[in-house]
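Right, one structure below, let's go through it.
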Amino acid sequence: LHVAILVSILSLLIYWLIKDSHRVENLSGKHVFITGCDTGLGNSLAKWLDKRGFCVIAACATEKEGQELQSCSSLSLKTVNLNLADSNSIARAALFVMEETADKGLFGLVSNAEGTAPVAPTDWLRIEDFHSVLDVSLLGLIGITLKLLPLLKKAEGRVVNLINAKGLMAFVGGGYNLSKWGMEAFSDTLRIEMQHFGVKVSIVEHGFFKAEVINSDVIERDLLRLWNRLTPEIRNSYGEKYFVE
């Protein structure tokens, strides 16, 4: 599950450990905060780092998913509820991380969560359709990063932003592509700015994986919903044949 991207991240982490071996001696004292740990890659990474001895703080969207993750991890792994579209939730999660790390600072921040986005032509969408993904994947990522930067600077830590490479291809309208290009720009800028503080910023671009195969039934249902809410003018400009094809 997510083998290729997990190997990429693990390779990157191993590279850091080798490069920083003269400074990092005790992995068990290093805190890593990971978003999107309910399932998939974030969940797998949280478990792997926990087994390696890191102090993992895993952010989950629901309390149930957090409890399930804790049940198959060590006692040192902590979970916290996080809704990246809610600034208050971000603030609470950041406070939790601050309390857990105490004076040590934060060794790593891995941003993995993604918002949902309708797949449709741009003029089929409304502004709230853009918010549904941008508020999580871009603005939420920026929000949690800004809150945790003081802790990352204190530990001379690292930021790893996971970006699905398919989002860097302009093949569909909506906020998904915008969020990925925005994540690239934010990461590249932050990398330059944080060099002065010894904080490293990396991007891991990954592609399609078996676990991420898009459900065609969901796409079709979403397209039908969007089509039915279109004004007659827009619907006629496309025609029934466009929708069927």
Side-chain angles (χ1 to χ4, degrees), residues 2 4-6 8-13 15-16 32-46 57-61 82-87 89-91 93-94 97 106 108-119 122 125 127-153 157-195 197 199-209 211-212 214:
H2 296 292
I5 186 171
L6 185 56
S8 297
I9 295 176
L10 299 185
S11 298
L12 186 59
L13 288 172
Y15 166 75
W16 279 334
V32 179
F33 179 71
I34 310 170
T35 68
C37 293
D38 301 78
T39 58
L41 176 62
N43 186 279
S44 300
L45 182 61
I57 305 174
C60 298
L82 176 61
N83 176 5
L84 286 171
D86 183 353
S87 59
S89 179
I90 291 175
V97 175
L106 185 62
L109 165 62
V110 181
S111 291
N112 172 57
E114 286 194 340
T116 58
V119 178
T122 299
L125 304 173
I127 191 64
E128 54 264 31
D129 297 318
F130 287 82
H131 278 294
S132 68
V133 62
L134 291 174
D135 286 351
V136 175
S137 296
L138 181 57
L139 297 179
L141 175 143
I142 293 173
I144 192 66
T145 303
L146 292 178
K147 286 288 186 181
L148 297 177
L149 273 181
L151 298 178
L152 289 161
K153 289 160 69 175
R158 57 269 297 134
V159 177
V160 180
N161 291 329
L162 307 185
I163 299 178
N164 197 320
K166 69 177 181 281
L168 301 176
M169 300 178 288
F171 67 95
V172 66
Y176 191 78
N177 301 94
L178 296 178
S179 70
K180 302 311 170 189
W181 282 103
M183 289 168 65
E184 287 267 356
F186 176 72
S187 301
D188 290 343
T189 302
L190 188 66
R191 182 182 306 112
I192 297 171
E193 296 171 342
M194 289 295 107
Q195 285 180 350
F197 301 98
V199 175
K200 302 174 181 64
V201 180
S202 300
I203 299 170
V204 175
E205 295 179 358
H206 59 88
F208 290 95
F209 294 91
E212 293 181 341
I214 299 175

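The first residue in the sequence is number 1, and the count goes up from there. What you see is a predicted model, and the numbers here were worked out from it, not measured in a lab.
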Test item: [X] and [Y] side chains (from C-beta on) under 4.5 Å apart, heavy atoms:
{"X": "Glu193", "Y": "Val201", "value": "no"}
{"X": "Asp135", "Y": "Leu84", "value": "no"}
{"X": "Val204", "Y": "Val160", "value": "yes"}
{"X": "Leu82", "Y": "Ile90", "value": "yes"}
{"X": "Ile144", "Y": "Phe33", "value": "yes"}

What are the two closest heavy atoms between [X] and [Y], and how far apart are they?
{"X": "Leu152", "Y": "Val199", "result": "O-CG2, 3.6 Å"}
{"X": "Val133", "Y": "Tyr176", "result": "CG1-N, 3.7 Å"}
{"X": "Asn161", "Y": "Ser111", "result": "OD1-CB, 3.4 Å"}

*asked:* Taking side chain to side chain contact (heavy atoms under 4.5 Å, CB included) as the definition, give me every residue that meets it alongside Val32, ordered by chain and number, with sequence neighbours left out.
replied: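 For Val32 the side chain to side chain contact (heavy atoms under 4.5 Å, CB included) partners, ignoring immediate neighbours, are Ile34, Leu49, Phe54, Phe107, Val110.
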*All side chain to side chain contact (heavy atoms under 4.5 Å, CB included) counterparts of Ile203, not counting sequence neighbours*: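 Result, side chain to side chain contact (heavy atoms under 4.5 Å, CB included) vs Ile203: Ile163, Glu184, Ser187, Asp188, Arg191, Glu205.
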*Test item: Ser179 side-chain N/O and Leu134 main-chain N/O as donor-acceptor pair under 3.5 Å*: no
*For Asn83 and Ser89, indicate whether the former's side chain and the latter's backbone hold a donor-acceptor pair under 3.5 Å.*
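Not confirmed, Asn83 side chain does not pair with Ser89 backbone.
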